[in-house]
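A short worksheet on the structure shown next.
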Protein chains: 2
Amino acid sequence: MTNGKMNSRQKILAAAAELAGEVGPGHLSLDAVAQRAGVSKGGLLYNFPSKAKLLEALVEQHLSEFNAALEAKEKQWEGRPNSLGAAYLELFVTDLEQRQPPPSGLLAAMAEDPGFLTPIKRFNRTLLDRLKASSRNEANALILFLALEGMRSLRLFDIDVLSPVEQDAVIASLGATLEKGD
Amino acid sequence: MTNGKMNSRQKILAAAAELAGEVGPGHLSLDAVAQRAGVSKGGLLYNFPSKAKLLEALVEQHLSEFNAALEAKEKQWEGRPNSLGAAYLELFVTDLEQRQPPPSGLLAAMAEDPGFLTPIKRFNRTLLDRLKASSRNEANALILFLALEGMRSLRLFDIDVLSPVEQDAVIASLGATLEKGD
DNA sequence: TTTACTGTACCGTCTGGACGGTATTGTCAA
DNA sequence: TTGACAATACCGTCCAGACGGTACAGTAAA
């Protein structure tokens with residue numbers, strides 16, 4: 001489990017995500033990733049046989065990290081009504097507090113081929129279904145989902161226009177709707 | 001205004017947006033754009049001296065088209081409270097009905113350099129300010145903005161997960177909030 | 001004569017990826 | 001215990017092609 005391979009893969013993935021943010025999503029090159037990861041190009045291609053596989057892994061990693069964080073938050077709200085909605089909302093709050101850098105790896109994958117985002121589509125669909133199932137008011141579940149998706153995309157593009165005060169207002173308002181039992 | 005230059009420019013812009021959707025945002029090449037537009041490469045570079053200028057124009061075009069459409073809708077709702085919010089919402093409805101293709105040009109610009117999106121940031125900020133000003137409930141204005149932004153980004157990435165029924169529910173719910181005078 | 005191109009040739013650079021090595025560790029029969 | 005070989009995890013180099021951009025001569029309309 002804790003073999004050398006894991007380590008190299010992780011370093012490469014991290015380097016790729018980091019570089020994507022620096023050079024622009026469409027300018028991620030294998031050479032640069034290898035260099036940043038402290039690995040030769042041959043080594044990179046050993047771990048990821050093609051650029052496509054690397055980008056695919058970048059999307060997968062983002063998804064699994066997001067999912068893990070969401071499940072962790074959900075446990076904290078266990079039992080309460082609409083724990084998923086609360087967890088999803090809470091995840092955003094902590095993300096904002098911790099000033100997480102935007103997941104530029106996603107943009108790099110999309111620049112290469114939007115098809116790389118289909119796993120995200122699937123994930124979002126099941127997330128939305130679960131959100132609807134655990135809420136009494138369907139429209140509110142949809143709007144919660146969309147509003148957070150909106151914030152997410154604004155941050156992803158680095159064109160976030162909401163002030164911290166406004167962000168708090170949005171979160172408070174969505175949270176209030178949640179607590180009314182919807 | 002309707003001189004020959006405009007025509008070539010328009011053809012090039014249209015070809016670029018079209019191609020970006022076909023080959024992927026990060027694979028837009030000047031050669032291919034020129035060919036698609038029925039223009040020589042020299043001609044393309046005569047109209048847009050560099051790739052950066054072309055992408056810049058792509059973003060500008062999108063913005064001005066969006067703005068024009070929004071102003072047109074706003075006139076229809078003139079006088080009524082929160083006419084801007086209603087217009088913005090309505091714009092989405094007609095966009096959905098007409099099954100407008102996603103503006104892939106934006107993605108191509110972003111793939112090259114996210115900085116190309118700063119005009120959109122400015123636009124969004126003023127839009128949000130106006131939305132807040134014309135609404136009595138600030139939080140509702142923010143959520144309207146974000147929810148529509150969410151739908152927009154999902155469509156942009158072509159990972160829209162909402163069924164038509166769900167879309168209608170969202171629009172109806174946002175519209176109802178609007179009519180309550182918020 | 002100017003404007004708005006066309007057409008072609010070309011240059012320098014970057015990129016994905018193939019390929020042939022190599023060091024280390026593991027396996028296993030004699 | 002040892003010698004033969006195999007698998008793992010890389011390294012370093014090379015290359016064909018694509019790309020942005022330049023240069024320049026020609027042309028047809030206004």
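Below, chain A is the first sequence line, B the second, and so on; all start at residue 1.
Partners of B:A172 by side chain to side chain contact (heavy atoms under 4.5 Å, CB included), not counting sequence neighbours: none found. With sequence neighbours excluded, the residues forming a salt bridge (charged side-chain N to carboxylate O under 4.0 Å, His left out) with A:E22 are A:R36, listed by chain and number. For A:F92, the ring-ring contact (aromatic ring centres under 6.0 Å, His included) criterion is met by A:Y88, not counting sequence neighbours.
Between the P atom of C:dC5 and the CG atom of B:L44 lies a distance of 11 Å, rounded to the nearest Å. Rounded to whole Å, the distance from CD1 on A:I12 to P on C:dG16 is 14 Å. Atoms CD (B:Q35) and P (C:dT6) sit 13 Å apart, rounded to a whole Å. Nucleotide C:dG16 holds its P atom 10 Å from the CG atom of A:L54, rounded to whole Å. One interatomic measurement links the two molecules: NZ of B:K11 to C1' of C:dC5, which rounds to 11 Å at whole-angstrom precision. In this entry the distance linking CZ of B:F48 with C1' of C:dC5 reads 14 Å, nearest Å.
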Side-chain donor-acceptor pairs of residues 64-77 of chain B under 3.5 Å, sequence neighbours excluded:
residue, atom, partner, partner atom, Å
B:S64, OG, B:Q61, O, 3.2
B:E74, OE1, B:R130, NH2, 3.1
B:E74, OE2, B:R130, NH2, 3.1

- Note on the structure: For nucleotides 15-30 of chain D, 5' to 3', base contacts (B), sugar-phosphate-only contacts (S) and non-contacts (-) with protein non-hydrogen atoms under 4.0 Å give ----SBBB--------
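Sorted by first and then second residue, the pairs that involve residues 139-167 of chain B and meet ring-ring contact (aromatic ring centres under 6.0 Å, His included), not counting sequence neighbours, are A:F157-B:F157.
For C:dA4, one of the phosphate oxygens OP1 or OP2 lies less than 4.0 angstrom from a side-chain nitrogen or oxygen of B:Y46. Applying the 4.0 Å criterion to OP1 and OP2 of C:dC5, one finds that B:S8 has a side-chain N or O inside that range.
Going from atom CZ of A:F116 over to atom CD of A:E56 covers 6.0 Å, rounded to the nearest 0.5 Å.
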